[in-house]
Amino acid sequence: MSILAINEQLLRAIGVGVAVVRASDLQFIFHNGPFAEWFGTPDQGGTLRDYLPDLDPKELEDVKQSGLRYSVELEIKPKRRTLIFAVSVSLANGLSDQVLIIECQNITRIRELESMIDSYSTMVERNTRELEREKERVERLLLNLMPRAVYEEFKTFGVVTPQLYEQVSVVMLDFVGFTDFAAKTDPTVTLSELNDIFTAFDRIVEQFGCERIKTIGDAYLAVSGMPDPTPDHATAVAHCAVRFLRYLERRNESHPHKWQARIGLGMGAAVGSVVGIQKYVYDVFGPAVNVASRLQVFANPMNIVAPEEMKFALIDEFQVSDLGRVEIKGMGEMSLINVTSGLKVLQSGKRL
């Protein structure tokens with residue numbers, strides 16, 4: 001087998017089409033099988049421009065003059081499918097007549113793979129963004145169900161260790177006449193009213209560094225002193241309670257539905273943890289919660305009742321009055337106090 005035949009087989013095997021043309025008139029001197037298969041068999045007297053019309057004449061002239069290589073990607077459509085070729089034109093040195101060597105490689109599959117990779121990368125980026133958004137939504141949801149410190153523990157370890165907090169304060173609010181209101185009012189209106197009010201309560205609770213634990217129908221429960229200890233937990237919940245009532249008073253001035261609430265405060269120990277394994281809910285229970293829950297029943301509408309043990313923690317910032325001893329079912333006799341705003345009244349009648 002001749003050297004020429006061996007070279008022809010090698011070039012065919014690696015998928016490279018080769019042609020040799022005279023530099024002077026660009027007529028073919030040689031072409032191999034892949035070149036003819038892709039671009040057609042050159043006719044007698046045919047020129048390079050006849051078969052590769054997209055080659056830039058100026059670039060070809062530069063190759064002849066300077067000897068620099070000219071590389072370009074060309075698209076052809078021999079049948080139905082568009083093929084992409086990497087074409088390189090170079091000047092052969094050391095010959096009596098100048099000739100140009102044209103090397104063509106079918107890179108269609110490479111470009112298709114690159115396009116597939118780009119498409120896949122775009123899809124992966126889009127899915128990653130969607131996953132990030134979904135992760136943020138889940139995180140926001142969980143942060144609405146539990147304090148951030150508890151969420152961080154849950155995210156890291158997958159469980160939440162029940163914690164006993166020796167000293168916390170609790171505020172429990174319950175609306176007066178809510179059962180009758182809900183029975184007689186359109187559910188959409190009821191939900192809209194509660195959503196509006198509880199959203200305002202959430203802002204108040206956040207303002208005083210407390211944690212809203214949950215709502216149970218029309219009842220609203222928030223705590224201070226957990227999961228992070230707070231030295232002024234008693235005054236924090238009392239401030240929240242006063243602001244709750246003040247908000248309702250102002251709201252009632254401009255809304256058709258007039259809301260009144262009873263509020264109970266409690267202080268003492270409480271346990272906090274996530275309850276359940278399917279619908280995760282962070283809950284708080286213990287003496288402090290029981291006291292607040294029971295005492296709100298003894299409050300007059302738009303009043304705040306607290307156990308006497310909170311008196312010395314509140315007396316510097318609030319107006320506190322004794323209500324006497326009351327028998328509370330399941331808790332025995334307890335001395336109660338009434339808590340009102342500590343804002344002083346000026347002669348003009350305006351509050352500070």
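- The existence of a salt bridge linking Glu253 and Arg250 is excluded, since no basic side-chain nitrogen approaches an acidic carboxylate oxygen closer than 4.0 Å.
- Here the CD atom belonging to Glu37 is positioned 10.0 Å from the CG atom belonging to Asn32, to the nearest 0.5 angstrom.
- Using a cut-off of 4.0 Å between Lys/Arg side-chain N and Asp/Glu carboxylate O, Arg69 and Glu59 are scored as not salt-bridged.
- No side-chain donor-acceptor contact under 3.5 Å links Thr185 to the backbone of Thr190.
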(request) Could you please spell out the steps behind the salt bridge (Lys or Arg N to Asp or Glu O under 4.0 Å) verdict for Glu134 and Arg137? (result) CA-CA 5 Å; Glu134 187 64 27; Arg137 283 195 292 268; 2.4 Å; yes
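- In summary, Arg109 and Glu112 engage in a salt bridge, as defined by a charged side-chain N under 4.0 Å from a carboxylate O.
- A donor-acceptor pair shorter than 3.5 Å cannot be found between the side chains of His233 and Ser224.
- The distance from atom CG of Leu314 to atom CD1 of Ile337, rounded to the nearest 0.5 Å, is 5.5 Å.
- Under the ring pair (Phe, Tyr, Trp, His ring centres under 6.0 Å) criterion, Phe39 pairs with Phe35, Phe85, not counting sequence neighbours.
- Between His31 and Tyr51, the ring centre distance reaches or exceeds 6.0 Å.
- In the displayed structure, Arg203 atom CZ is contacted under 6.0 Å by at most 12 heavy atoms of other residues, nucleotides or ligands.
- Val72 and Leu91 fall within a single hydrophobic cluster, where Ile, Leu, Val, Met, Phe, Trp and Tyr are joined by side-chain heavy atoms under 4.5 Å apart, directly or via other members.
- Between Arg251 and Glu193 there is a salt bridge, since at least one side-chain N of the basic residue sits less than 4.0 Å from a carboxylate O of the acidic one.
- A donor and an acceptor atom, one from each side chain of His239 and Gln207, are nowhere located under 3.5 Å apart.
- A donor-acceptor pair is defined here as one N or O able to donate and one able to accept, closer than 3.5 Å; such a pair exists between the side chain of Thr128 and the backbone of Val124.
- A salt bridge links Asp202 to Arg212: one of the charged nitrogens lies within less than 4.0 Å of a carboxylate oxygen.
- With respect to the salt-bridge test (charged N to carboxylate O, under 4.0 angstrom), the residues Lys311 and Glu308 do not qualify.
- Placement of Met302 and Phe244 within a single hydrophobic cluster is found when ILVMFWY residues are connected by side-chain heavy-atom separations under 4.5 Å, directly or transitively.
- A tilted orientation is assigned to the rings of Tyr220 and Phe198, their planes being inclined by 30° to 60°.
- By the 6.0 Å contact criterion, CE on Met116 is open, its count of non-hydrogen atoms from other residues, nucleotides or ligands being 12 or less.
- A donor-acceptor pair is defined here as one N or O able to donate and one able to accept, closer than 3.5 Å; such a pair exists between the side chain of Arg262 and the backbone of Ala299.
- A continuous path of ILVMFWY side-chain contacts below 4.5 Å connects Val205 to Phe208, so both sit in one hydrophobic cluster.
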